[in-house]
Amino acid sequence: MSYRRPRLGVSPAAVMFLALAAIWGTSFPAIEIGLHTVPALSFAAIRYSLAGLIILGYAAYATDRWRPRGTEEWLAVSVAGLLVIAVYHGLLYLGELRVSGAVAAIVVSLSPVLTAGLAAILLDSDIDLVEGLGLFAGFAGVVIVASPGGGGTDLLGVALVFGGAVAFALGAVLARPLSTDLPVETMEAWAMLLGAAVLWIGAGARGESLVGVEWTLPALASLAYLTLVAGCIGFLLYFELLDRIGATELHLVGYLEPVVAALMAWALLGQVVDSQALAGFAAIFVGFALLERDVLFEAAVTTADAVRSH
């Protein structure tokens, strides 16, 4: 592309950024609503089976390649499908059987911190003292959320969601060396379909059955939202923003998602996030700010310049 990538500010990228935060933040209480009537792994499998087929159709129409070729492309698809789709969402959905969507969103916001830590371990990235403090603050935040007295927060539920966040971060790190020319729509479609297949296997292993499931209007609305809006539109926004602002700044969306999730959980379910969970979220954000202090400073300066120019 010939134009200069816009940074976060008064720009189309900023609008898309806020839209993505709203869409993905709302997905946490939407999952919780669907789990009232549909078995967890089956619910996730249905979502990504449908979303994968829709995006595959779009990839066949809009790109020059609708399927991967070669070992490296299939390996990239497998990493994303197994870790980012299957393991992350499987553990997230199981975790939301025990904790609220708002609490789950707070724990998932640790993903950028985990990504930095895993990159240091697996890719030999250097971590200085300040970044080490950032990692410590991020993990301390999860401990605060999960510790006794946190509004009855279920420890196993937090552990499941945390495991999902680790899987998501591990998928992001392992995908870095697997640079391919595969269109992102094609990769995402096949990753979703592969992840859905793994989720169906997990659902069978848990003894889940869709026989007798009462597909209430809230459950159907939840599935439609998660499939079409959070799944299809959300990921297309994600990859457009990835091209426009880069991966590090895009990670900031994870810190708006818990805010949206908390507001929607209050509006739809009458849930209120307790002060201990908020303190944990604050610690996680401090951890990220220490790890990515240079990027945050640059984004703040660029945003201020954009506002002054208007």
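Count residues from 1 along the sequence. In what follows, every heavy atom counts, from backbone to side chain, and hydrogens, waters and symmetry copies are set aside.
- Counting heavy atoms from C-beta outward, Phe162 and Leu91 have side chains that stay 4.5 Å or more apart.
- Proximity of Leu20 to Leu241: side-chain heavy atoms (C-beta onward) are separated by under 4.5 Å at one or more points.
- Linking ILVMFWY residues whenever their side-chain heavy atoms come closer than 4.5 Å, directly or via other members, leaves Leu83 and Ile201 in distinct clusters.
- No continuous path of hydrophobic side-chain contacts links Val79 to Val77 [ILVMFWY only; heavy atoms under 4.5 Å].
- You'll find the side chain of Leu92 stays beyond 4.5 Å of the side chain of Phe168, heavy atoms only.
- With sequence neighbours left out, Arg65 forms a side-chain hydrogen bond (donor to acceptor under 3.5 Å, both in side chains) with Glu73.
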Full working for side-chain contact (heavy atoms from CB on, under 4.5 Å) between Thr115 and Val173: CA-CA 6 Å; Thr115 300; Val173 171; 3.9 Å; yes

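- Annotation for Gly81 and Leu194: closest pair CA-CD2, 4.4 Å, computed over non-hydrogen atoms.
- Taking CE from Met16 and CG from Leu236, the interatomic distance works out to 11.5 Å, rounded to the nearest 0.5 Å.
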Distance-only check: which donor-acceptor pairs under 3.5 Å involve side-chain atoms of residues 39-50, not counting sequence neighbours?
from: Ser42; atom 1: OG; to: Glu208; atom 2: OE1; distance (Å): 2.7
from: Arg47; atom 1: NE; to: Leu226; atom 2: O; distance (Å): 3.2
from: Arg47; atom 1: NH1; to: Tyr93; atom 2: OH; distance (Å): 2.9
from: Tyr48; atom 1: OH; to: His89; atom 2: NE2; distance (Å): 2.7
from: Ser49; atom 1: OG; to: Ala45; atom 2: O; distance (Å): 2.7
from: Ser49; atom 1: OG; to: Trp200; atom 2: NE1; distance (Å): 3.1

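- Here the straight-line distance linking atom CD1 of Ile33 with atom CG of Leu223 works out to 12.5 Å at 0.5 Å rounding.
- Listed here is the closest heavy atom pair of Gly134 and Val113: O-CG1, 4.1 Å.
- For Trp24 and Tyr238, the distance between ring centers is under 6.0 angstrom.
- Under the 4.5 Å side-chain criterion, counting only non-hydrogen atoms from C-beta, Phe281 is not in contact with Ile144.
- You'll find the side chain of Val253 reaches within 4.5 Å of the side chain of Glu257, heavy atoms only.
- The two residues Asp64 and Pro183 make their nearest non-hydrogen contact at OD1-CG, 3.9 Å.
- With hydrogens and angles ignored, the 3.5 Å screen pairs no side-chain donor or acceptor of Thr186 with any backbone N or O of Leu182.
- In this structure, Trp266 places its CH2 atom where only 12 or fewer heavy-atom neighbours from other residues, nucleotides or ligands lie under 6.0 Å away.
- By the criterion of side-chain heavy atoms lying less than 4.5 angstrom apart, applied directly or through intervening Ile, Leu, Val, Met, Phe, Trp or Tyr residues, Tyr58 is not grouped with Met187; the two fall into different hydrophobic clusters.
- Listed for the Trp190 side chain is no donor-acceptor partner under 3.5 Å among the backbone atoms of Glu185.
- What you find for Gly101 and Ala261 is that their closest heavy atoms are O-CB, 4.3 Å.
- The shortest side-chain heavy-atom distance between Ile31 and Ser222 does not fall under the 4.5 Å cut-off.
- Applying the side-chain hydrogen bond (donor to acceptor under 3.5 Å, both in side chains) rule to Glu32 yields the partners Gln271; only residues at least two apart in sequence or on another chain are considered.
- Separation of atoms OG (Ser78) and CG (Leu174) is listed at 12.0 Å; rounding is to 0.5 Å.
- Inter-residue side-chain proximity for Leu256 and Phe17 is flagged as met; some heavy-atom pair is nearer than 4.5 Å.
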Phe28/Val260 under side-chain contact (heavy atoms from CB on, under 4.5 Å): CA gap, chis, key distance, verdict: CA-CA 9 Å; Phe28 288 93; Val260 176; over 6 Å; no

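- We find the CG-CG distance between Leu237 and Leu18 to be 11.0 Å, quoted to the nearest 0.5 Å.
- Of the possible polar contacts, none joining the Thr227 side chain to the Ala224 backbone as a donor-acceptor pair under 3.5 Å is found.
- Contact annotation: the side chain of Leu210 approaches that of Val38 to within less than 4.5 Å [non-hydrogen atoms, C-beta and beyond].
- The CD1 atom of Ile54 sits 9.5 Å away from atom CE of Met192, with the distance rounded to the nearest 0.5 Å.
- Val84 is not connected to Leu53 by any chain of hydrophobic side-chain contacts under 4.5 Å among Ile, Leu, Val, Met, Phe, Trp and Tyr, and they are in different clusters.
- The closest donor-acceptor contact from the side chain of Glu96 to the backbone of Leu35 lies at 3.5 Å or more, if one exists at all.
- Both Leu278 and Ile284 are members of a single hydrophobic cluster when ILVMFWY side chains are connected at heavy-atom separations under 4.5 Å.
- When every heavy atom of Gly234 is checked against every heavy atom of Ile23, the shortest pair comes out as CA-CG2, 4.4 Å.
- The distance from the CG atom of Leu290 to the CZ atom of Phe285 is 10.0 Å, given to the nearest 0.5 Å.
- In plain terms, the two heavy atoms of Ala262 and Ala102 that are nearest each other are CA-CB, 3.9 Å.
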Working for side-chain contact (heavy atoms from CB on, under 4.5 Å), residues Leu97 and Leu94: CA-CA 5 Å; Leu97 291 172; Leu94 291 173; 4.2 Å; yes

